[in-house]
Each structure stands twice: as structure tokens, then as C-alpha cells.
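Along the sequence shown, residues carry numbers from 1.
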Amino acid sequence: MVRAGAVGTHLPASGLDIFGDLRKMNKRQLYYQVLNFAMIVSSALMIWKGLIVLTGSESPIVVVLSGSMEPAFHRGDLLFLTNFREDPIRAGEIVVFKVEGRDIPIVHRVIKVHEKDNGDIKFLTKGDNNEVDDRGLYKEGQNWLEKKDVVGRARGFLPYVGMVTIIMNDYPKFKYALLAVMGAYVLLKRES
């Protein structure tokens with residue numbers, strides 16, 4: 001019996017001879033590896049969706065992208081968020097909020113809260129390391145945030161763990177190379 005890849009042209013031998021390794025696999029092994037890769041991706045998505053349900057936040061984990069919250073949080077810190085609607089927003093809390101017209105959420109501290117008799121809450125935020133409040137960051141004409149703007153409230157953090165995300169966004173070629181290596185590893189790793 002001749003194995004697939006045993007006959008034909010061969011690529012130069014190297015440590016990363018991906019196509020040669022793929023040719024050496026039979027169809028069953030290749031299907032198994034593709035299914036294994038699909039299970040890893042779908043498991044990660046299920047865990048993410050589960051975190052969304054458990055925390056009530058559309059983004060339960062975020063990375064601090066600037067130094068505006070130093071010394072509380074530094075660039076690259078990984079924040080864990082919750083966003084339970086029944087919890088009131090209080091001055092001093094650190095919230096992550098979205099502003100209309102901006103793609104990236106902002107992590108800042110609530111400095112003032114205005115609560116009306118009907119239960120409506122409006123609040124003002126400021127970065128700990130900033131000189132002025134965030135009114136300049138809000139959409140034009142907006143002076144206060146509302147509960148609908150909140151993505152979540154910081155409940156915990158891991159220092160500097162998010163630097164990997166920052167590096168991947170700052171250097172996209174590094175990100176694609178890392179993803180390619182990880183994908184090749186998963187596809188080519190043989191079960192013993």
C-alpha cells in the first residue's frame with residue numbers, strides 16, 4: 001500500500017514543511033484534525049457566550065488600552081466586567097462605556113451621579129489620570145451618560161495580561177503569523 005504523499009515532488013526539508021506533513025496524512029487523519037480545530041473554535045465561542053450570559057455584559061472581558069486610569073489600572077491590564085441592570089451606578093465605580101460614533105469602549109471612573117425621582121440615572125465619568133471630565137469624549141451635545149451606555153463595571157483585573165492583545169493590534173503581521181502557527185499546530189498535531 002502506498003501512502004498519500006509518498007510519490008511525487010517533495011518540498012525542501014525544513015522544520016515547517018506544512019504541505020509535506022499534510023500530504024503524509026491520510027484523509028481520515030486530515031478530517032479528524034479539521035474537526036478537532038472546529039471543536040476548539042466552537043468551544044471558545046461557547047465559553048464566551050456563557051460568560052456574556054453569566055455576567056450580563058456584552059463584553060465580559062476587556063483590555064485597558066491607555067494610561068488614563070493609572071494608577072488604578074495600567075495599559076494592558078485585563079478587566080473582568082459585570083453589568084447587572086438592577087445594580088445602581090454609584091460615584092467611585094469604574095465603568096466601561098461606549099460612546100456613539102466611537103468603536104472602542106472607554107474605561108473610566110464615575111465622578112457624579114444624578115438620579116431623578118422616576119428612577120432615571122445620568123452620570124459623569126473621568127479618567128483617574130486625566131485633568132478634566134469626559135464631556136469632551138461624549139458625542140456632541142451629550143453632557144451625561146446613561147445606563148444604556150454602560151458595557152460593564154470592573155469587578156476584577158489581571159495586570160498586564162492584555163498586552164498580548166495590544167501587541168497583536170499594533171503589529172498585525174505578528175498576529176497573523178501567530179494564528180498561522182497555532183492553526184498549523186492544531187491541524188498537524190497527531191494523536192498518539
Side-chain angles (χ1 to χ4, degrees), residues 38-172 174-176 178-179:
M39 284 179 26
I40 290 169
V41 171
S42 62
S43 294
L45 289 172
M46 286 189 292
I47 290 169
W48 182 254
K49 289 295 185 183
L51 283 174
I52 289 172
V53 170
L54 286 174
T55 63
S57 175
E58 67 186 63
S59 185
I61 299 172
V62 296
V63 175
V64 177
L65 297 176
S66 74
S68 67
M69 280 303 293
E70 290 179 359
F73 299 121
H74 298 276
R75 187 172 194 254
D77 287 355
L78 192 70
L79 299 182
F80 300 102
L81 310 178
T82 62
N83 194 22
F84 301 116
R85 297 289 173 203
E86 61 275 359
D87 289 347
I89 292 177
R90 300 286 178 225
E93 268 190 311
I94 296 172
V95 296
V96 177
F97 60 92
K98 280 191 176 177
V99 175
E100 191 175 314
R102 292 181 182 253
D103 293 334
I104 299 173
I106 300 169
V107 180
H108 282 172
R109 189 179 304 276
V110 176
I111 57 171
K112 289 183 184 174
V113 178
H114 288 282
E115 193 166 353
K116 294 182 180 178
D117 292 335
N118 65 0
D120 287 345
I121 296 175
K122 292 191 176 196
F123 57 95
L124 181 64
T125 56
K126 176 185 172 294
D128 291 355
N129 202 22
N130 293 349
E131 296 293 323
V132 296
D133 63 41
D134 290 343
R135 288 183 179 154
L137 296 175
Y138 303 160
K139 75 176 181 177
E140 193 173 326
Q142 182 180 10
N143 291 321
W144 302 91
L145 292 174
E146 298 174 17
K147 268 191 153 183
K148 67 176 177 58
D149 300 315
V150 175
V151 174
R153 302 165 199 204
R155 299 298 185 201
F157 76 102
L158 287 174
Y160 302 109
V161 173
M163 284 305 288
V164 173
T165 301
I166 292 173
I167 290 168
M168 283 196 219
N169 285 332
D170 289 349
Y171 304 102
F174 174 74
K175 172 173 56 177
Y176 296 128
L178 185 63
L179 288 172

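Annotation: side chain of E58 is in contact with side chain of V151 (closest heavy-atom distance under 4.5 Å). Side-chain contact between P60 and I52: present, with at least one pair of heavy atoms (C-beta onward) separated by less than 4.5 Å. With a 4.5 Å cut-off on side-chain heavy atoms, M69 and L79 do not count as touching. Residues L137 and R102 have side chains in contact (heavy-atom distance under 4.5 Å, counting atoms from C-beta outward). With contacts defined as side-chain heavy-atom distances shorter than 4.5 Å, the pair P159/H74 does not qualify. Taking the side chain as every heavy atom from C-beta outward, K49 and V53 never approach each other to under 4.5 Å.
Contact detail for F97 and H108: the closest heavy-atom pair is CE2-CB, 4.0 Å. Across every non-hydrogen atom of I89 and I121, the tightest pair is N-CD1, 4.5 Å. Across every non-hydrogen atom of W144 and R135, the tightest pair is CZ2-NH2, 3.2 Å. Here the shortest heavy-atom pairing between S66 and V64 reads O-CG1, 3.3 Å. Looking at every heavy atom in both residues, S57 comes nearest to G152 through OG-CA, 4.2 Å.
Among residues at least two apart or in separate chains, side-chain hydrogen bond (donor to acceptor under 3.5 Å, both in side chains) pairs with a member in residues 122-131 are R109-D128, T125-D134, T125-Y138. Residue pairs meeting the salt bridge (Lys or Arg N to Asp or Glu O under 4.0 Å) criterion with at least one member in residues 154-168, sequence neighbours excluded: D87-R155, E93-R155. Contacts classified as side-chain hydrogen bond (donor to acceptor under 3.5 Å, both in side chains) and involving residues 158-169 (residues at least two apart or in different chains) are not found.
In this structure K139 satisfies the salt bridge (charged side-chain N to carboxylate O under 4.0 Å, His left out) test together with E100, sequence neighbours excluded. Residues satisfying the ring-ring contact (aromatic ring centres under 6.0 Å, His included) test with F157, not counting sequence neighbours, are F73.
With L81 as the fixed residue, the side chain to side chain contact (heavy atoms under 4.5 Å, CB included) test singles out one of V95, V62, T55: V62.
Atom CG in L178 sits 15.0 Å away from atom OH in Y171 (nearest 0.5 Å). From D103, atom CG reaches atom NZ of K98 across 8.0 Å, with rounding to the nearest 0.5 Å. Note: L124 CG to L145 CG = 7.5 Å, rounded to the nearest 0.5 Å. For the atom pair I47 CD1 and L54 CG, the distance stands at 11.5 Å (nearest 0.5 Å).
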Taking only distance into account, with no hydrogens and no angle test, what donor-acceptor pairs under 3.5 Å do side-chain atoms of residues 112-119 form with protein atoms, sequence neighbours excluded?
{"unit_1": "N118", "atom_1": "OD1", "unit_2": "D120", "atom_2": "N", "d": "3.0"}
{"unit_1": "N118", "atom_1": "ND2", "unit_2": "D120", "atom_2": "OD2", "d": "3.2"}

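The environment of K175 atom NZ is dense: over 12 non-hydrogen atoms of other residues, nucleotides or ligands sit within 6.0 angstrom. The neighbour count for I104 CD1, taken as heavy atoms of other residues, nucleotides or ligands under 6.0 Å away, does not exceed 12.
The main-chain N or O of L65 is found under 3.5 Å from a side-chain atom of R75 such that the two form a donor-acceptor pair.
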